[in-house]
Amino acid sequence: MKKWFLVAITLICISIISNAVYYEAKQLEEPLVINSYQKIRTYEATDTSITLYYLSNKKDNIEIDGLQTSKAFYTNKHRTDFELSYYKEFTHHYLKEASFDIPYSETKHVEEEFKNNRIYIRFSNGTQRVLKLDHLSFQENTQVFHNRSGAGYNLSTVYDFISTDQDAKMEEFHLPEAIQDNIQVKIKVWTNKREQYKEIDEVNKDMKKLNAPLSTELTEPIELNAGGAVGFYIHTEENPTVLKYINIFQE
Amino acid sequence: MKDGFQQLLIGSIFIFFNIYLVVDILPNFLGYILIFNGIKQLATNTSIPFHRLKIFCMLMALISVPHFFSFDNIVDAIWLSYYIYLMDVLKLIFMYMLFRFLLQATSKSGEVYPQTATAKIQRWYMIVIIITNFFKPFVINMVIDIQVKTGLVLLISNLIIEFFFLIYLLKMKNFFSRRGPHLKIKRAMELAR
């Protein structure tokens, strides 16, 4: 065989081997559950939902079947055998969503089980693993504010608005230490809804355009008049390994 | 030589088209057997040795047996995941050997057109297939958007050059069917000398 052909075959073999090695190196040994800080509001006589995000290899397609505690099994609402379902697609992995409905009466039990590392994630391939999160707790609904609304854009920016029918004062805003990495919060106050919606349209999805201070820059309590609203713009890193979904609590 | 190229053409059509109705209705291994027959006929007409090519052809027929079955059921096994790459490399080596044989065979015919046509298709086929085989493994590690586009470009390039190879075989078969009697007389005269 001529020399040029041998060189070509060698290069092709190197390409195959190196890409195969790289591909295998990127495969996860088991699905990776994304860490999160969850403080979930509960409402009497209704189920509460826990949501987890996890990465699984594209070629394996392993899903979370459910959460197992010592007393109950909570099925993943997004589990399906019929078609491939994922939240986002990456080169080698799928980011998937798992949600579990916890009855109001069982939230304390789940919280207790979590503290004692007795909640297990059961996967579709028969394996199971202890659920490890930064925080998981449930809080009774004691909100003073009304007319809450919020939304998220492509996993990176979330906003939450709280409006009030009466005068109120926000003394302090703080982020728990466990989630301070890669999180920025801008706080904006509006006196009425018209002003609020106008600015939302202008800012649209760009956190940088919002003319509002960062939560770390606030030095004084925020005063709200009746009919006004305060908006929290929460920006996270668009990276699945540090994905964090946040909910605002009034204490 | 017409019959030889005809067998090569039919065999190549079997390999080019993969139509699965439970199994491949144009089995690749049968295609390689037909190609083997075509090579044998050409070698007999031109007295060119083809021992190595013969063995490689049979090897290709054997290795392409799994291709007879639909890939969806068997590709999950880890070692079969890379079967496609192995087949591509072996096929490239086989085509290189086949082109060298065809160049010798067409030069023995004494006609200019088959020689230039064979040299031309060999050059382009080797260039395109080497490039696509080199870049194909990168596709599995590419970002999604680029993956689809690159995969499509590589696939279409492959299909086009394989199609041109079929056209070449058809032209050679037609050429030698028209020139056949003249070549037989020419060969007889050479043998008589």
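Letters A, B, ... are given to chains in the order of the sequence lines, protein chains preceding strands, and every chain is numbered from 1.
Using a 4.5 Å cut-off on side-chain heavy atoms (C-beta onward), B/Lys136 and A/Asn19 make no contact.
To the nearest 0.5 angstrom, A/Ile16 atom CD1 is 11.0 Å from B/Ile84 atom CD1. Atom OG1 of A/Thr91 is separated from atom CG of B/Asn141 by 8.0 Å, given to the nearest 0.5 angstrom. Taking NZ of A/Lys88 as the start and CD1 of B/Ile144 as the end, the distance is 11.0 Å to the nearest 0.5 Å.
Between B/Tyr96 and A/Phe5, the two ring planes are parallel [angle under 30°; tilted spans 30° to 60°].
Other residues, nucleotides and ligands contribute only 12 or fewer heavy atoms inside 6.0 Å of the CZ atom of B/Phe164. Within a 6.0 Å radius of NZ in A/Lys77, other residues, nucleotides and ligands contribute more than 12 heavy atoms. Crowding of B/Phe99 atom CZ: a count of heavy atoms from other residues, nucleotides or ligands under 6.0 Å exceeding 12. In A/Phe73, the CZ atom is crowded: over 12 heavy atoms of neighbouring residues, nucleotides or ligands sit closer than 6.0 Å.
Side-chain atoms of A/Ser15 come within 3.5 Å of backbone N or O of B/Phe134 as a donor-acceptor pair.
Looking at B/Met126, the atoms closer than 4.5 Å to chain A (heavy atoms on both sides) all sit in the side chain, from C-beta outward. The part of A/Lys58 that comes within reach of chain B is its side chain, from C-beta onward, which places non-hydrogen atoms under 4.5 angstrom from that chain.
In terms of heavy-atom pairs under 4.5 Å with chain A, the best-connected choice from B/Leu92, B/Val89, B/Asp88 is B/Leu92.
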